[in-house]
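Residue numbers count from 1 along this sequence. Ligands are counted one by one from 1 in listed order, and the atoms in each one are counted from 1 as well. Reckoned from all heavy atoms, side chains included, excluding hydrogens, waters and symmetry mates.
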Amino acid sequence: MEEITWFCPVCNGFSTIDQDCSNCGSPLIDQGRLFDFFDPYAPYRPIDALKMSDGISFDYAGHQCPHTMLCPICQQKETFLIKEQNDKKST
Ligand SMILES: [Zn+2]
Ligand SMILES: [Zn+2]
């Protein structure tokens, strides 16, 4: 059995999230993985899956990495799910 390693290209620096604030249109700043910066009072949660309080199990199941983006202008937080990639080698 070969092992498949999943990784988030954003967490690993291969990619960046290029999104604008839905409120004021300013470029959002990546705040890192959601788990590290999870804000229970965040008013804006567009992703239904985030209703799950246990984000880790969701992450495990979906191979998606939730990132919280912060608008430096109006302080709005938005969450984006980044598709994780795998480095499975085909031989
Ligand atoms: Zn990530
Ligand atoms: Zn904004």
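For the Zn ion (ligand 2), the neighbouring protein N/O/S atoms at less than 2.8 Å, given as residue and atom, are Cys21 SG, Cys24 SG, Cys71 SG, Cys74 SG.
Geometry about the Zn ion (ligand 1) gives an angle of 100° between NE2 of His67 and SG of Cys65, rounded in steps of 10 degrees.
In this structure, a donor-acceptor pair under 3.5 Å is absent between the side chains of Thr68 and Glu78.
For the pair Phe7 and Asn12, the tightest heavy-atom approach, listed with the atom from each and the gap, is CB-ND2, 3.6 Å.
Taking OG1 from Thr16 and CD1 from Ile29, the interatomic distance works out to 12.5 Å, rounded to the nearest 0.5 Å. Atom NE2 of His67 sits about 13.5 Å away from atom CG of Leu28, to the nearest 0.5 Å.
Side chains of Met69 and Ile17 form a contact here, defined as non-hydrogen atoms less than 4.5 Å apart.
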Yes or no on side chain to side chain contact (heavy atoms under 4.5 Å, CB included) for Cys74 and Ser26, after CA distance, side-chain angles and deciding distance? CA-CA 9 Å; Cys74 69; Ser26 300; over 6 Å; no

